[in-house]
Engineer: 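Have a look at this one before I ask anything.
Just so you know, these numbers use all the heavy atoms, side chains as well, and skip hydrogens, waters and symmetry mates.
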Amino acid sequence: MNHNIAIHFHVRNGRKNESNIAPVYMRITVNGKRFEHSINRVVDTSKWSVDTGRMKGTSTDAKILNNYIDVMKNKVQCVEREIISDGTEITYQTFKDRWLGVDKSKKMILEVFKEHNIDVAKLIGKDFAKATAQRYKTSLGHTRNFIEWKYKVFDLDVTKVNYDFIRSYALWLKTERHCNHNSTMKYLANFKKIVFICLKNGWIAKDPFLGFKITKREVERPILTKIELQEMMAKNFITERLNLVKDIFIFSCYTGLAYADVQKLKRTELIVGVDGEKWISTKRQKTDTPSRIPILPVASELLDKYKNHPQCEIKDRLLPVLSNQKMNAYLKEIADACGINKNLTFHIARHTFATTVTLSNGVPIETVSKMLGHANLRTTQHYAKILDLKVSADMMALRKKLLQEASE
């Protein structure tokens, strides 16, 4: 196929300094499409010929610059001959890639990451939850920003991803992005999946994570005690919005549902279980795992209270849930009014269900894990570790038993 390549040199008058010195640019037009870049040379604009695209005169400076311009022209011709000799069609893109040294056989880490995320997005509702896709999207953004910050490029050859890359990335997340340790480990775990794709395809020979441990630290999970929960339930507010938020929070304390799951809870997800009682049968939005929960009396009363609420009827929902931001803001007011000296957020309700309502009352951890929709029992075991109250109660019973035996 015929092709056309044109070369033009010009100065950027818009970038000249006070001494009329401006940079010289080279414009290459291939089949009507053009790109340009600086040739890293400057010239006095008064000595530049617009017509010829060269420096005027026969001075030493003119000869040096004009000779360099000829070299650049020859380079264009060499690249043209190389592409032809490879048997490749000369197009704007093939020429530009060859000129800029872009090797299409190379795999770039952000490109692999983007392709992965596109595949995940296609499988939302099938193999992945929407929140998972968003998490990978956020991780891609962090990885892109890190590469630009450290390497000053817009993408990086996958072979350049080594142990130092991982170590530096972890440090950057903590120092530049101000992520805590566990968030840093989550982002690195997401990135590790992309690295694994590269390993399986043979694009990199050695796992850059080798020797780097992705470990999470135990964090204190705040909960409401039995007394705090009872005080909140007994509290009535003059403001109806606070009563509404309190009720929905209490509902979550007795079902273990996270905010996103309560907010999307449909009337059809309230079913009759195997025991003939009311159950909730839903899927967790975060993990897309099934969660089946028998309705305790407190939760059942709250569902009855709001079943005729206009918002529930219009949206086919079990509860009239406000936005997460408003819920958490109002929960701060509720905590103050109830004398609860804790940073009360909606997610504390889920923790409270797992501990104060279920595990502390002898519900087996396997049952609690299933109701919470945990895919792994280890996730639920974190709750069992913070049950000092349960330990205290068990040991109190043991003390009484030992005292009784001693008195006999």
Side-chain angles (χ1 to χ4, degrees), residues 129 221 223-236 243-322 327 346-377 379-384 387 389-390 393-394:
R221 297 169 184 263
I223 62 171
L224 292 188
T225 65
K226 183 178 180 180
I227 293 174
E228 289 170 335
L229 186 56
Q230 289 174 343
E231 287 180 350
M232 183 182 290
M233 291 171 62
K235 187 75 173 178
N236 284 314
N243 283 320
L244 172 64
V245 172
K246 182 201 75 170
D247 287 345
I248 296 171
F249 180 83
I250 295 296
F251 177 82
S252 185
C253 286
Y254 281 88
T255 59
L257 292 171
Y259 168 81
D261 300 318
V262 177
Q263 191 270 336
K264 71 177 182 65
L265 204 56
K266 295 182 179 180
R267 295 184 175 192
T268 53
E269 291 176 309
L270 183 63
I271 64 168
V272 176
V274 293
D275 54 3
E277 300 292 337
K278 292 179 182 178
W279 285 50
I280 287 175
S281 179
T282 186
K283 279 191 174 184
R284 288 201 65 203
Q285 182 169 300
K286 181 179 179 181
T287 59
D288 202 39
T289 53
S291 181
R292 294 170 67 85
I293 309 155
I295 303 295
L296 295 171
V298 173
S300 182
E301 289 174 9
L302 291 171
L303 289 178
D304 289 340
K305 180 178 179 179
Y306 291 100
K307 66 180 179 181
N308 295 322
H309 192 283
Q311 185 177 328
C312 295
E313 292 181 339
I314 294 171
K315 296 185 178 181
D316 186 33
R317 294 291 188 267
L318 285 175
L319 291 168
V321 183
L322 306 180
M327 294 286 286
F346 196 89
H347 206 64
I348 287 178
R350 184 169 167 82
H351 299 329
T352 301
F353 172 79
T355 53
T356 306
V357 174
T358 55
L359 289 173
S360 291
N361 286 308
V363 179
I365 193 169
E366 295 83 3
T367 302
V368 176
S369 183
K370 188 173 182 62
M371 288 189 291
L372 289 173
H374 286 164
N376 193 322
L377 189 63
T379 307
T380 320
Q381 286 171 339
H382 291 301
Y383 293 108
L387 286 176
L389 291 174
K390 182 66 166 61
D394 290 344

Engineer: Of the non-hydrogen atoms in Thr282 and Lys264, which two are nearest, and what is the gap between them?
Structural biologist: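 Heavy-atom minimum between the residues: OG1-NZ, 3.1 Å.
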
Engineer: Quick check for you: to the nearest 0.5 Å, what is the distance between Ile223 atom CD1 and Ile348 atom CD1?
Structural biologist: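 Result: 9.5 Å between the selected atoms.
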
Engineer: Determine whether Val357 and Leu229 make a side-chain contact, defined as any pair of heavy atoms from C-beta on separated by less than 4.5 Å.
Structural biologist: yes

Engineer: With rounding to the nearest 0.5 Å, note down the distance linking OH in Tyr254 to CE in Met233.
Structural biologist: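 Output value for this atom pair is 4.0 Å.
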
Engineer: Can you name the one residue among Arg284, Glu269, Lys283 that meets side-chain contact (heavy atoms from CB on, under 4.5 Å) with Asp261?
Structural biologist: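 Checked Arg284, Glu269, Lys283 against Asp261; only one passes side-chain contact (heavy atoms from CB on, under 4.5 Å): Arg284.
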
Engineer: Within the side chain of Arg350, is there an N or O that forms a donor-acceptor pair under 3.5 Å with the backbone of Leu372?
Structural biologist: yes

Engineer: List, one per line, each side-chain donor-acceptor pair under 3.5 Å for residues 295-307, sequence neighbours excluded.
Structural biologist:
from   : atom 1 : to     : atom 2 : distance (Å)
Lys305 : NZ     : Asp247 : OD2    : 2.7
Tyr306 : OH     : Asp247 : OD2    : 2.6

Engineer: Taking all heavy atoms of Lys246 and all of Met232, pick out the closest pair and write down the distance.
Structural biologist: CD-O, 3.1 Å

Engineer: Hey, could you give me the CD/CD distance between Gln230 and Glu228, rounded to the nearest 0.5 Å?
Structural biologist: 11.0 Å

Engineer: Would you give the length of the straight line joining atom CG of Leu318 to atom NE2 of His309, rounded to the nearest 0.5 angstrom?
Structural biologist: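 It comes to 13.5 Å.
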
Engineer: So, for Leu359 and Ala354, which heavy atoms are closest and what is the spacing to 0.1 Å?
Structural biologist: CG-O, 2.9 Å

Engineer: Any idea which heavy atoms bring Ser281 and Ile271 closest together, and the distance?
Structural biologist: CB-CD1, 3.6 Å

Engineer: Flag the pair Leu265 / Phe251 as yes when at least one side-chain heavy-atom distance between them is below 4.5 Å, and no otherwise.
Structural biologist: yes

Engineer: Measuring only between side-chain heavy atoms, which start at C-beta, is Thr358 closer than 4.5 Å to Met371?
Structural biologist: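 Heavy-atom side-chain distance check passes, below 4.5 Å.
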
Engineer: Mind checking whether Leu257 and Phe353 have side chains closer than 4.5 Å, heavy atoms only?
Structural biologist: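 A side-chain contact under 4.5 Å is absent here.
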
Engineer: Could you please spell out the steps behind the salt bridge (Lys or Arg N to Asp or Glu O under 4.0 Å) verdict for Asp316 and Lys266?
Structural biologist: CA-CA 6 Å; Asp316 186 33; Lys266 295 182 179 180; 5.6 Å; no

Engineer: Can any side-chain N or O of Thr356 pair as donor or acceptor with the backbone N or O of Leu224 at less than 3.5 Å?
Structural biologist: yes

Engineer: I need the minimum non-hydrogen distance between Arg317 and Arg267, along with the two atoms involved.
Structural biologist: O-NE, 3.4 Å

Engineer: Supply the atom-to-atom distance Cys312 SG to Asn308 CG, rounded to the nearest 0.5 angstrom.
Structural biologist: 9.0 Å

Engineer: Please round to the nearest 0.5 Å and tell me the distance separating atom OG1 of Thr355 and atom CG of Asn361.
Structural biologist: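 It is 10.0 Å, given to the nearest 0.5 Å.
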
